[in-house]
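Predicted, not measured: the structure shown is a model, and the values here were computed from it. Counting starts at 1 for both ligands and their atoms, in listed order. Below, all heavy atoms of this structure are taken into account, side chains as well, without hydrogens, waters or symmetry copies.
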Amino acid sequence: MIHIIGAGPAGLYLGWKLKELNPNLEVTIYEEHEKIGEPIQCTGLVTSKINDYVKIPKSVIANKISKAKIFAPNGTFVEINLSDPDLVIHRNKFDQHLAKKATKAGCDIKKGSGLTRIEKGILVFKKTKVILKPGDIVVGSDGPKSLVAEHLGVKHDLLSGIQAIMKIKNSSIIKFYPYIGEYAWVVPEDKGTARVGVVAREDCKKIFDEFVSGFKGQTVDIQAGTIPMHKPSLRIHKTVDGVAWFIVGDAAGQVKNTTGGGIIPGLRSAEKLARAIVSKEYWTYVITCQIQPDLVAHQLMNRAFSKFSDKDWNELIDEFKSKELKEVLANTDRENALSMIFKILSKKPRFIKYGEKAF
Ligand SMILES: Cc1cc2nc3c(=O)[nH]c(=O)nc-3n(C[C@H](O)[C@H](O)[C@H](O)COP(=O)(O)OP(=O)(O)OC[C@H]3O[C@@H](n4cnc5c(N)ncnc54)[C@H](O)[C@@H]3O)c2cc1C
């Protein structure tokens, strides 16, 4: 029996893929909320690579955007024409779409079933208990404040994120401000609405209020959430009394530290975990060799950026205005950070000086 705690993208995708790989598996997904995908705590910006994992139905897509501007503190920016448009998705509809797929594949989704604690060999939910047996598998896909991760001894380094849904007339350009808080953004949902947000380690509300005050437009909703920082040292698997425990997605800190993007890393990790469970692959090996290298690249970039002065940002953004670097940004898959770093360094070897800040 496989028990998946948390019906977000990582848990639902894992359940769906497990049943697809082996229809005989018994898979139950437990979700604390009564409605899948709500409350929304996400901007829903993903690269078109998401279609490699799940074909996104039109009804889930709010916007397709081919232009992005990255700003420097001095107000200048580099403009990028993305060769593949980014997608802005409705997170609630996306999660509900995955839930349909998981259910159709044969998963049992139990809504309103929040895990409240884990006792020796027992999962304690709000209204019921599950006694674990040898051979059972428990996967925590219960997000950044995961109880399963805590049970495995994992302590996440958490950031706060706040976004406003604002009525702002816009020309469908993503705006990214890497020097505000950890980062800040404006992501157009349609021509008259944008998702405007900030992620910060401290004083997030203050930084958010200041950032949002720079935009004219009515705020129709405020959403807030937590983002874990990726750390390669996290223990994400153990076996106790014949029960195998895993964590995946935000619960395992599988997030790009440069942008907080966790949807595609969560899907990718869930897909690999499904394969590893079904074909009994050595999970630590899969994690170390196939999932972590790219996330570590983001981690190191973020570590370097955290030491950037305004002058460094102004200089870097200015450098990126060159045709050759704009081409790299426009044409390289952002899900593949290592490839992007190598391409950039091959064009500008002296950028290694920025990398040195990570150590
Ligand atoms: C403000 C903000 C903006 C973001 N914008 C983007 C973006 O534009 N693009 C992007 O890629 N990522 C973005 N992210 C990150 C993205 O939302 C996460 O990486 C993604 O949701 C992780 O998916 P998950 O399935 O691992 O976890 P979650 O989506 O957090 O799902 C976990 C699920 O588990 C459930 N759960 C939790 N505890 C329990 C429990 N005890 N028992 C049962 N169920 C439980 C929750 O209700 C939830 O349904 C953003 C995050 C924030 C906070």
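Residues Thr28 and Lys110 bring no donor and acceptor atom of their side chains to less than 3.5 Å of each other. Checked by atom type, the side-chain pair Gln163/Gln223 shows a donor-acceptor distance below 3.5 Å. When only modelled atom types and interatomic distance are considered, Asn51 and Ser48 share no side-chain donor-acceptor pair under 3.5 Å.
No more than 12 heavy atoms of other residues, nucleotides or ligands shown are found within 6.0 angstrom of NZ on Lys311. Counting non-hydrogen atoms of neighbouring residues, nucleotides and ligands closer than 6.0 angstrom, the CZ atom of Phe342 reaches no more than 12 such neighbours.
Contact annotation: for Pro265 versus ligand 1, there are no heavy atoms closer than 4.0 Å. Contact annotation for Thr226 and ligand 1: only backbone heavy atoms (N, CA, C, O) come within less than 4.0 Å of the ligand. The proximity of Arg91 to ligand 1, defined as any non-hydrogen pair under 4.0 Å, is limited to the side chain.
Aromatic rings of His237 and Trp245 (six-membered ring for Trp) have centroids beyond the 6.0 Å cut-off, not under it. The distance between the ring centers of Phe71 and Trp313 does not fall below 6.0 angstrom. Aromatic ring centres of Phe215 and Phe211: separated by under 6.0 Å. With ring centers used as reference points, Tyr30 lies under 6.0 Å from Phe125.
Tyr183 and Val46 sit in two unconnected hydrophobic clusters of ILVMFWY residues. Membership requires side-chain heavy atoms under 4.5 Å apart, directly or through other members.
Just one residue in the list Thr258, Asn257, Thr259 forms a side-chain hydrogen bond (donor to acceptor under 3.5 Å, both in side chains) with His298, and that residue is Thr258.
With hydrogens left out, the protein atom closest to atom 25 (O) of ligand 1 is Ala10 N, 2.9 Å, a heavy atom. Nearest non-hydrogen protein atom to atom 44 (N) of ligand 1 is Glu32 N, 3.1 Å. Regarding atom 53 (C) of ligand 1, its nearest protein heavy-atom neighbour is Gln41 O, 3.4 Å. The protein heavy-atom contact nearest to atom 34 (O) of ligand 1 is Gly6 CA, 3.1 Å. Of all protein heavy atoms, the one lying nearest to atom 37 (C) of ligand 1 is Asp142 O, 3.3 Å. If you check which protein heavy atom lies closest to atom 6 (C) of ligand 1, you get Cys42 SG, 3.5 Å. For atom 23 (O) of ligand 1, the closest non-hydrogen atom on the protein side is Pro9 CD, 3.6 Å. For atom 35 (C) of ligand 1, the closest non-hydrogen atom on the protein side is Glu31 OE1, 3.2 Å.
We find that Arg275 and Glu281 are not joined by a salt bridge, their nearest charged nitrogen and carboxylate oxygen being 4.0 Å or further apart. Using a 4.0 Å cut-off between a side-chain N of Lys or Arg and a carboxylate O of Asp or Glu, Lys104 and Glu20 do not qualify as a salt bridge.
Annotation for ligand 1: atoms under 4.0 Å from non-hydrogen atoms of His33 are 47 (O). Within ligand 1, the atoms closer than 4.0 Å to a non-hydrogen atom of Tyr30 are 43 (C), 44 (N), numbered from 1 in the order shown. Those atoms of ligand 1 that come under 4.0 Å of a heavy atom in Gly249, given as number and element, are 26 (O). Which parts of ligand 1 touch Gly143 is read off a 4.0 Å heavy-atom cut-off, strictly below it: atoms 27 (O), 30 (O), 32 (C). Near Asp250, meaning under 4.0 Å from one of its heavy atoms, ligand 1 places the atoms 18 (C), 19 (O), 22 (C), 26 (O). Here is the list of ligand 1 atoms found below 4.0 Å of a heavy atom in Ser113: 43 (C). Heavy-atom contacts of Gly225 reach the following atoms of ligand 1: 53 (C) (cutoff under 4.0 Å). In summary, the atoms of ligand 1 found under 4.0 Å from a heavy atom of Leu45, numbered by their order in the structure, are 7 (C), 8 (O), 9 (N), 10 (C), 11 (O).
Taking Arg268 as the reference, Tyr53, Lys272, Asp294 meet the side chain to side chain contact (heavy atoms under 4.5 Å, CB included) condition, with sequence neighbours excluded. For Thr103, the side chain to side chain contact (heavy atoms under 4.5 Å, CB included) test picks out Ile109, with sequence neighbours left out.
Backbone and side-chain nitrogen or oxygen atoms of Gln163 are examined, and none is located within less than 3.5 angstrom of a nitrogen or oxygen of ligand 1. Residue contacts with ligand 1: Val248 is placed with no nitrogen or oxygen under 3.5 Å of a nitrogen or oxygen of the ligand (distance criterion only). For the pair Ile5 and ligand 1, the shortest N or O to N or O distance does not fall below 3.5 Å. Ligand 1 has no nitrogen or oxygen under 3.5 angstrom from a nitrogen or oxygen of Gly261. Of the polar atoms of Gly44, at least one N or O is found under 3.5 Å from an N or O of ligand 1, judged by distance alone. Distances between N or O atoms of Gly262 and those of ligand 1 include at least one value under 3.5 Å.
With atom 14 (N) of ligand 1 as the reference point, the heavy atom nearest to it among Ala251, Gly260, Cys204, Gly8 is part of Gly260. By heavy-atom distance, the residue among Ala270, Ser141, Gly161 lying nearest atom 32 (C) of ligand 1 is Ser141.
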Do Tyr354 and Glu315 pass the side chain to side chain donor-acceptor pair (under 3.5 Å) test, and can you show the C-alpha distance, the side-chain angles, and the key distance before you say yes or no? CA-CA 11 Å; Tyr354 296 119; Glu315 227 175 73; 3.2 Å; yes
